[in-house]
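What you are looking at is a predicted structure, and each value in this text was computed from that prediction instead of being measured.
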Amino acid sequence: MKSIRNSLVRLFAAPAMALFLLANTVGDRAEALMEEGKEAEAFELVRQGAADGDANAINYLAWFYDNGRYVETDRARAAELYRQAAGEGVAYAQWRLGVMIDTGETPGTPEEAFALFEKSAAQDFTNAMTSLAVMHATGRGTKRDPIAARYYYSMAAAAGNPHGIRGLGILYLHGEGVDRDPIEAAAYFLISASLGNEQGQESFDVVTQDYDDATLKQVAERANELVEELGYRFEQEPEAK
């Protein structure tokens with residue numbers, strides 16, 4: 001791929017996306033312990049919090065089992081705990097349980113997964129917005145609706161979610177819910193890649209592999225315009241020496 005590094009912007013601070021909304025004492029203390037590398041202490045703290053019925057602690061305990069941190073990976077146990085936390089309204093748990101249902105990791109229907117994504121997205125959880133977009137784009141758990149897919153991808157993108165940004169690129173690449181526009185698609189892929197999204201980078205590389213320098217510059221200029229439209233803060237890459 002031809003280099004257009006000097007034409008790009010590097011994104012420093014898109015709107016924050018937290019995996020967990022842990023405003024409670026147990027969550028805050030566990031998060032601090034994890035940052036210090038004290039997983040055993042964090043696990044025990046969360047385990048006790050979960051035993052006391054703290055919904056966010058139950059969610060965090062599910063995350064330990066889901067990711068095999070301190071304990072062996074146990075997706076069945078993770079799903080059970082996520083289901084408890086989701087029932088208590090924890091946005092991350094609602095989203096992750098929906099994903100596990102949608103991918104067949106735990107029993108459930110596409111309609112149930114869709115409903116969980118809706119509940120999570122209603123709490124401004126951006127991964128759930130992206131998942132809703134995917135469900136609308138593919139017709140899983142709901143009727144296929146590219147316009148609705150664009151709506152939810154746009155919501156996620158506005159909040160800085162790189163998967164949502166890449167999703168918009170996919171829609172423009174295939175002309176689903178929007179007029180087909182490969183340049184616009186490549187610009188969204190470029191922004192997603194700049195935010196560290198590997199799939200965004202892969203999509204950008206595939207779409208632009210035969211682009212000449214003039215077309216690549218056009219993509220970069222459009223990406224910079226979109227960055228400003230989305231309200232991200234950015235700085236110019238330093239010129240190569």
Side-chain angles (χ1 to χ4, degrees), residues 14-21 59 62-63 66-67 75 78-79 82-83 85-86 89-182 184-207 226 230:
M17 295 174 291
L19 284 181
F20 304 101
L21 300 178
N59 175 58
W63 179 87
D66 194 10
N67 293 277
R75 294 287 164 72
Y82 281 139
R83 195 174 291 276
V90 179
Y92 181 89
Q94 291 167 339
W95 169 73
R96 182 62 186 134
L97 178 62
V99 170
M100 296 180 81
I101 291 172
D102 188 46
T103 58
E105 295 177 89
T106 194
T109 66
E111 289 75 16
E112 183 181 358
F114 184 85
L116 286 163
F117 294 148
E118 283 191 313
K119 291 177 181 178
S120 182
Q123 299 187 65
D124 298 325
F125 193 70
T126 63
N127 283 351
M129 296 172 192
T130 298
S131 294
L132 274 178
V134 171
M135 300 296 270
H136 280 293
T138 59
R140 297 203 305 275
T142 187
K143 68 177 182 179
R144 187 174 182 278
D145 187 344
I147 302 299
R150 181 189 179 189
Y151 173 77
Y152 285 109
Y153 277 138
S154 296
M155 284 181 63
N161 188 302
H163 297 287
I165 295 166
R166 176 180 178 268
L168 286 172
I170 295 294
L171 295 183
Y172 276 102
L173 182 63
H174 297 290
E176 297 183 353
V178 293
D179 292 333
R180 187 174 185 276
D181 188 338
E184 192 83 352
Y188 276 113
F189 294 150
L190 179 55
I191 299 169
S192 180
S194 297
L195 288 170
N197 185 265
E198 292 183 3
Q199 291 179 316
Q201 183 66 62
E202 292 170 1
S203 297
F204 178 79
D205 290 343
V206 169
V207 170
L226 288 170
L230 289 166

Any [X] side-chain heavy atom under 4.5 Å of [Y] side chain:
X      : Y      : answer
Met100 : Arg96  : yes
Glu184 : Val178 : no
Arg144 : Glu176 : yes
Val99  : Phe117 : yes

Working to the nearest 0.5 Å, report the span between [atom1] of [X] and [atom2] of [Y].
X      : Y      : atom1 : atom2 : value
Asp205 : Leu190 : CG    : CG    : 10.0 Å
Asn197 : Ile165 : CG    : CD1   : 8.5 Å
Thr109 : Phe114 : OG1   : CZ    : 11.5 Å
Ser203 : Phe189 : OG    : CZ    : 4.5 Å
Tyr188 : Leu171 : OH    : CG    : 9.5 Å
Ser192 : Gln201 : OG    : CD    : 9.0 Å

Chi angles and distances behind the side chain to side chain contact (heavy atoms under 4.5 Å, CB included) call for Asp102, Met135: CA-CA 9 Å; Asp102 188 46; Met135 300 296 270; 3.8 Å; yes
Taking [X] for the side chain and [Y] for the main chain, is one N or O donor matched with an acceptor at less than 3.5 Å?
X      : Y      : answer
Ser131 : Asn127 : yes
Asn67  : Trp63  : yes
Thr106 : Ile101 : no
Glu105 : Ala79  : no
Arg180 : His174 : no
Arg75  : Asp66  : yes

Nearest heavy-atom neighbours spanning [X] and [Y]:
X      : Y      : answer
Gly177 : Ile147 : O-CD1, 3.6 Å
Ala91  : Phe125 : CB-CB, 4.1 Å
Leu97  : Arg83  : CD2-CA, 3.7 Å
Ala159 : Thr126 : CB-CG2, 3.3 Å
Ala156 : Met129 : N-SD, 3.8 Å
Gly200 : Ala193 : C-CB, 4.0 Å

Heavy atoms from other residues, nucleotides or ligands near CD of Glu198 exceed 12 (cutoff 6.0 Å):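 Open: at most 12 neighbouring heavy atoms sit under 6.0 Å from CD of Glu198.
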Within residues 138-167 or reaching into it, pairs that qualify as ring pair (Phe, Tyr, Trp, His ring centres under 6.0 Å) - sequence neighbours excluded: His136-Tyr152
Residues which pass side-chain hydrogen bond (donor to acceptor under 3.5 Å, both in side chains) with Gln199, listed by chain and number, not counting sequence neighbours: none
Parallel, tilted or perpendicular, as decided by the 30° and 60° cut-offs, for the rings of Tyr92 and Tyr82: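 Taking Tyr92 first and then Tyr82, their aromatic rings sit tilted (interplane angle of 30° to 60°).
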Check ion pair Glu202-Arg166 (N to O, under 4.0 angstrom): no
